[in-house]
Protein chains: 2
Amino acid sequence: MNVEWLEAFLITTKAKSLTKASEQLHMTQPALSKQMRKLEEDLGATLFIRSATGVELTEAGKILFEEIEPVLRKIHSIRKDILMTKGITGIKIGTWPSIAAFYLPDRLAAAKKSHKDREISIKVSYSYKEILRFLREGIIDVALLDDREIQHPYWSKQLFSEPFYLFVHRQHPLAKRDHIYFNDVKDESLVVLPPSCDVRILLEKAFKIHNADLKISSEIDFGQSIIGFISANLGVSILPEIFTHHADQSRIKALPIVDFKMKRVISLISRNPDMGKLLLSLLFSPY
Amino acid sequence: MNVEWLEAFLITTKAKSLTKASEQLHMTQPALSKQMRKLEEDLGATLFIRSATGVELTEAGKILFEEIEPVLRKIHSIRKDILMTKGITGIKIGTWPSIAAFYLPDRLAAAKKSHKDREISIKVSYSYKEILRFLREGIIDVALLDDREIQHPYWSKQLFSEPFYLFVHRQHPLAKRDHIYFNDVKDESLVVLPPSCDVRILLEKAFKIHNADLKISSEIDFGQSIIGFISANLGVSILPEIFTHHADQSRIKALPIVDFKMKRVISLISRNPDMGKLLLSLLFSPY
DNA sequence: TAAGGGTATAACAAATGGTTATGGGTGATC
DNA sequence: GATCACCCATAACCATTTGTTATACCCTTA
């Protein structure tokens, strides 16, 4: 029996769907389907009732669901304790501004509670290349970025992926809608981040895929300011989901673009695999 | 991370040796070596200090050793609870006399404590073929025997393997030794079990491998009587280890035959895999 | 110095775990 | 009531993993 199967089982049960769970787990639906069959085979019992609308638990599945979470939690804490013996301290993280400003602080706050001792510092840069150089030169120990298109020799693990939204002021005509299609925005002029920025690069790639031209109304240095720009009704923008959590809901609306398949993927990249695993444990584990 | 790796880690730690543990686990030493490396890689820490005399735990290994057993116990109990939902009752076991007399009673007693409800009955026969026929015809649900040389379509899992010993009366000349070699006994006349019996068959095979002739002094129907025979100083015999636990230590001595490689292997064979797994859980699990 | 017990490594076969492509239900929508 | 969107299963395929046997090398001991 594989511990990953059990983790996947928990996710699947909560999502009530193999397809949705497989996205959360960064794998395809058939792969997850196979894993759950393996788990059922291993336990000698059917865990899910599968239907065209999703999956629900059998009696056996309910037993597993109720009992397994503390087990996984315990395994996780053992993992952490073992990594702690390595005496790793003073981890230096390099990442993009949006991650540093919107994502890391909460994680750090949660981890600090249990591990005051271990100081973590953050170095911020817009550009891939610079962050990777920092990593290579030992200025940082780990990087958080989208490394799908980058060749590198380091240990790496996907953390999450986020869809893009159209950010508009509440008074903008599109703000009445609750979702939009790419056609609704492809001819709008957008406020964008600098050319070296990951979000900008992904946006340009997405427009190319959709055979559209990215029209730029203004270019702004940092994510936080772009939000200020939109909330002053000076333009609209397409940004990753994380920006929604830090935008003023009363003035800004974020609209899902249903047929916009491009996602931003954030991975943890570490020169030293042990340090990567420790950080994963301390900051990014769901347990 | 694989749950089997963790179980193997426990066994290895207790055995202080990959080689010895690999025997207990019914696998080869390189296979176990690989598993332990995988576990170390997964955890990001070295667990064992390997030397020419065996293995011992590192600090990280000690943490794992101290913490993991209850986790495995819990997983095991969940497994059992899940199998119990299938409402399997009245399991009928078929096996050889020695297993039925010396091995099963203890196991059943231990299991009965927690599971009074589930009655288990036992059918005994000397011969493979008859036991397999019982299985085929549904007279029994599971069989306990050595199925290494048998082709069958059923679910099967090795339970244990036992070496053979020379059983002699305390007054026998060899009783002064604490171990012997095959050469010391190959010309002795032995008391043996009937020709259809598994122990007899293995014994004949072993003598053939060692290029010796099996000389028979008498043939006796059942294991328990053979022990009585020896304790009356009426002969010597070669029998599997389990007979030592039920022989009168003050009158009988069991001598390891160091260069006698033949072993008796007992597997659990079940028509219905779920029932096999349940029985494994209830009766034969180390947890 | 040779033997015996211990682990590691190489080479290979079988099983596993992932991918894409595709098919068949089911429920919502026009 | 046809069609679309969504969900799960399966097939075919490839890469990785996990087992096997054979062998090497190290250390302890006789």
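In what follows, chains carry the letters A, B, and so on, assigned in the order in which the sequence lines appear, proteins first and then strands, with residues in each chain numbered from 1.
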Short side-chain N/O contact to C/dA8 OP1/OP2 from B/R37, under 4.0 Å:
yes
At 4.0 Å (heavy atoms only), tell me whether B/K16 reaches a base, stays on the sugar-phosphate, or touches nothing.
nothing
Between A/Q35 and C/dG18, is there a side-chain N or O to OP1/OP2 distance below 4.0 Å?
yes
Give a yes or no on whether B/K157 atom NZ has more than 12 heavy-atom contacts from other residues, nucleotides or ligands under 6.0 Å away.
no
Relative to each other, are the rings of A/F65 and A/F9 parallel, tilted or perpendicular (30° and 60° limits)?
perpendicular
Between P of C/dT19 and CG of A/L32, the distance in whole Å
10 Å
Establish, with yes or no, whether the OP1 or OP2 oxygen of C/dG5 is under 4.0 angstrom from a side-chain nitrogen or oxygen of B/T19.
no
Which of these nucleotides, D/dT20, C/dT19, D/dA9, is closest to any side-chain atom of A/S33?
D/dA9
Should B/D42 and A/K277 count as an ion pair when the cut-off is N to O under 4.0 Å?
no
Go through C/dG17, D/dA9, C/dT7 for me and flag the one nearest to the B/R50 side chain.
C/dT7
Closer to the 5' end of DNA chain D via nearest nucleotide, is it A/K34 or A/V55?
A/V55
Donor-acceptor pair, distance only, cut-off 3.5 Å: does the side chain of A/K253 make one with the backbone of A/R177?
yes
Do B/E204 and B/K208 sit within salt-bridge range, that is, some charged N less than 4.0 Å from a carboxylate O?
no
Do nucleotides 23-30 of chain C as a string where each nucleotide becomes B, S or -: B if the base has a protein heavy atom under 4.0 Å, S if just the sugar-phosphate does, - if no protein is that close.
---SS---
Look at B/E23 together with B/K20 and state whether they make a salt bridge at an N to O cut-off of under 4.0 Å.
no
Phosphate OP1/OP2 of D/dC6: any A/S17 side-chain N/O under 4.0 Å:
no
Side chain of A/K38, base of C/dG17: donor and acceptor closer than 3.5 Å?
no
Taking for each residue the nucleotide of DNA chain D bearing the nearest heavy atom, is the 5' side occupied by B/P30 or by A/K20?
A/K20
